[in-house]
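All remarks here apply to the structure that follows.
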Amino acid sequence: MSMAASWTGTSLWRIQASRARALPGLVVLLIGWELAARLLTDAFVLAGPTEVLAYLVEDRALMARALGETLTNAAFGFVIGNVAAIALAAVALAWPRAERVVTGLALLVFCLPLVATGPILRVLYGPGAGPQVTLAALAVYYTTLIPLLVGLRAAPSSWFDLVRSYGRGRFATLVHVRAMASLPYFFAGLQIAAPAAFLGAMVGEFTGAERGMGVLTVQAIRALDVEMTWGLATVATAVSILAYIAIGALGRRVLLDAPPVILAAPAGASRGRLAAWVDAGLVTLIAVGAWWLALLAFGLNPFFAKGPGDVFAALVLDDDAAETRAALAAALGETALFLIPGYLAGLLAGAGLAVLLILVPMIASSAMPLAIALRSVPIVTTAPLVVLLLGRGAVGTIVLVAVMVFFPTFVASLHGLRQAPGQIMDVFDSYAAGPVTRLLRVRIPAMLPAFFAAARMAVPASVLAVTVVEWLATGNGIGSLMAISASLSDYDMLWSSVVLVSVLSALGYAAVGAVERRILGTYAPEQLA
Amino acid sequence: MAPETPPPRIACEGVTKIFAGGTEAVRDVNLTFEPGRTTALVGPSGCGKSTLLRLIAGLETPTSGRIDIAGAPPSETLRHAGLSVAFQDPSLLPWRSVRGNIELALQLARQKAADREVEDLIDLVGLGGFAEARPAALSGGMRQRAAIARALATRPGLLLLDEPFGAVDELTRQQLARDLPKLWEARGTTTLLVTHSVSEAVLLSDRVIVLTPRPAEIVADIAIDLPRPRDPDGLRAPDAAALIDRVVAALSEGMALPDRGIAAQ
């Protein structure tokens, strides 16, 4: 899910195909890492590549078992999540009026804080792989659904006319046009989904599984085992990058050409404000109804399975409702102090670096493949490293959130900057406009759609990052409150925080979408059409 | 060489099309097209002639008036795959080869055709040797020719051509102008050709309908009684030149109408 945003600027396959160019960058990275480790030997925070390698060789049996377990869970979740995404896309396609409600519900579920849904799922499923697989599926379906929806519509209307002119209907259109036209987008989604599934499975394993990379990670952090922490993060990173590259390679075999940049138009673009409110109301109503029905249908123990009424009572009616609200507000306040600066810093750094690089094209062409590879790293699995390096204070958390937001924003922005239409650039050249003028007048406006699509998707991603760090390491904020509530069996508090965090994430996403609509209305009106 | 469906007679009665935004594209068109004849619809760019074609194809429904194809509404012809459209934009599926795109039309129309027949069509439009090429590897003109071959593949009784030669180079266009009419004459196809090229209209058709600037209304209905087969060079002969002059004069007349064209600006 670190990569939640990455589909926005996806698959620069041509660039990736020449990923040999990433090699120098990778070598520099490894040497820098080793040097830093040598310099910081006494600090016990950083294990260099040689130490990590030695550790991995020594404990290869343990590592292989854990990796096998996590990969299995991730694979099941990957399949289930993607099948769900295809089914949801089919519903939206078959019933276009329902699309906004379907995507709204999907977003709300995507915004569920894994940190809290993990423990809840653990209680529901009991021991076993249930929560890991479910969380992997939850981490995946949205990143596939959105590109798929875009892809199913990504065909000129004349192709649909062609099918109609032979008297054939929607099914023939789906088979002959939509399915094929959506494939590049689908692969772009799958490419992001693969590392996301791995991350989801790992987070699931944090919640008291018996085996797996997540279990080892928790042990390593508790034991302050530097080599183990770095070893696990390295393996997770390598697996993610490999999965990303493998699906990319598969896509290149199957598809003719690289997909275009995928930009989901911001929700509510083409319809009125009233319709948007009606849809939001419907989404809320259906979500609450489904929640209530699920509890009823499964006959869950009311001690831990709280319904909408219980949460309402806990937050409003109960004697201690004021205390609950105060605790939640305090925790959310603490979290916001890390989340908002980290989010903004990540956006600024991502777009800023992209703009700088475009002025120095030589560096851009070798930085791009490296950034694409790093984008596929589930940043959350490297959370322990950031905490080791920067401590359990505010700086470590803010940096982690910023890093989480940085990569997708950077890649999307760089891609957007390069999208600047050649003909317009020629016009500017013909007036001998300097690089700065061209940047301000052409490239940055061309970058905005990709940048904002990344910024929107970065909202749930940054919430995930901050809550995981709070849970695993810092003991602050809403992430920690959820973890403590889970271990103290304070299920009223746990469910209330899940609801609050999900709703706030979805609102944050909508707020970025609103800013986006205002700005794109000026700079890229075609995106809103 | 008989068509799969018999060439229909088409009747438009008081056909008007006003789009959702309020744009009136076609106004009160009354026309009959006899079976097996080729008719060109000529008018300035954006006049609504493509809309008229789409109305006859059943891809749009008239706001008022009615269209009757062989005694039934266009939707019926559509349902029986009785017509083919070559769109202004070639609309080839990029993941299919030239042959694959032609076969798509047959698949959609639920027809079978011998490989030889598809091959002949590809040769007819001058794409021999490009059967396995994907659209991305073709020039704009070659794509349009592939789209024409696709439109012919299902042997439609009614063939609707929307500016089919826009991007085709001059020499190929002349070759097509020699070959295509032979094919649709042999098949007895009812053909409607939308174009803004006056010489193309005169060269290819039995009759030219001249339309005003938007909303399209009929200014002139000119019979082209030149002998067939015709040759592009034959357009310089006095009788052909006179017909071209008549069409041009009618176009100017349409432009000069009080509420549109030059007068409206």
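As a basis for the values below, the full set of heavy atoms in this structure was taken, side chains included, without hydrogen atoms, waters or symmetry mates. Reminder, nothing fancy here: chain letters follow the sequence lines and each chain counts from 1.
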Q) Could you go step by step and tell me if B:Leu104 and A:Val163 meet the side-chain contact (heavy atoms from CB on, under 4.5 Å) rule? A) CA-CA 9 Å; B:Leu104 172 71; A:Val163 176; 5.8 Å; no

**Q.** Heavy-atom pair count under 4.5 Å with chain A, highest-scoring of B:Ala57, B:Gly58, B:Ala105
**A.** B:Ala105

Q: Just give me the residue among B:Val85, B:Thr77, B:Leu160, B:Leu83 that pairs up with chain A most often, heavy atom to heavy atom, under 4.5 Å.
A: B:Leu83

Q: Determine whether more than 12 heavy atoms belonging to other residues, nucleotides or ligands lie under 6.0 Å from atom CZ of A:Phe160.
A: yes

Q: Check whether more than 12 heavy atoms from other residues, nucleotides or ligands sit under 6.0 Å from atom CZ of B:Arg207, and answer yes or no.
A: yes

(Q) Need one label for B:Gln107: side chain, backbone, both or neither, based on atoms under 4.5 Å from any heavy atom in chain A. (A) both

Q: Using non-hydrogen atoms and a 4.5 Å limit, figure out which bit of B:Arg54 sits close to chain A: side chain, backbone, both or neither.
A: side chain

Nearest-0.5 Å distance, [atom1] of residue [X] to [atom2] of residue [Y]:
X	Y	atom1	atom2	value
B:Arg96	A:Met180	CZ	CE	8.0 Å
A:Leu162	B:Phe87	CG	CZ	5.5 Å
A:His176	B:Leu93	NE2	CG	9.5 Å

Q: State, to 0.1 Å, how close B:Leu108 and A:Tyr166 come at their nearest heavy-atom pair, and which atoms those are.
A: CB-CB, 3.8 Å

Q. Between A:Ala172, A:Ser165, A:Pro156, A:Ala155, which residue shows the highest count of heavy-atom pairs closer than 4.5 Å to chain B?
A. A:Ser165

(Q) Please classify the contact of A:Arg168 with chain B as side chain, backbone, both or neither, using a heavy-atom distance under 4.5 Å. (A) side chain

When the side chains of residues 64-71 of chain B are checked against the rest of the protein, which donor-acceptor pairs come out under 3.5 Å, sequence neighbours left out?
unit_1  : atom_1 : unit_2  : atom_2 : d
B:Asp68 : OD1    : B:Gly71 : N      : 2.9

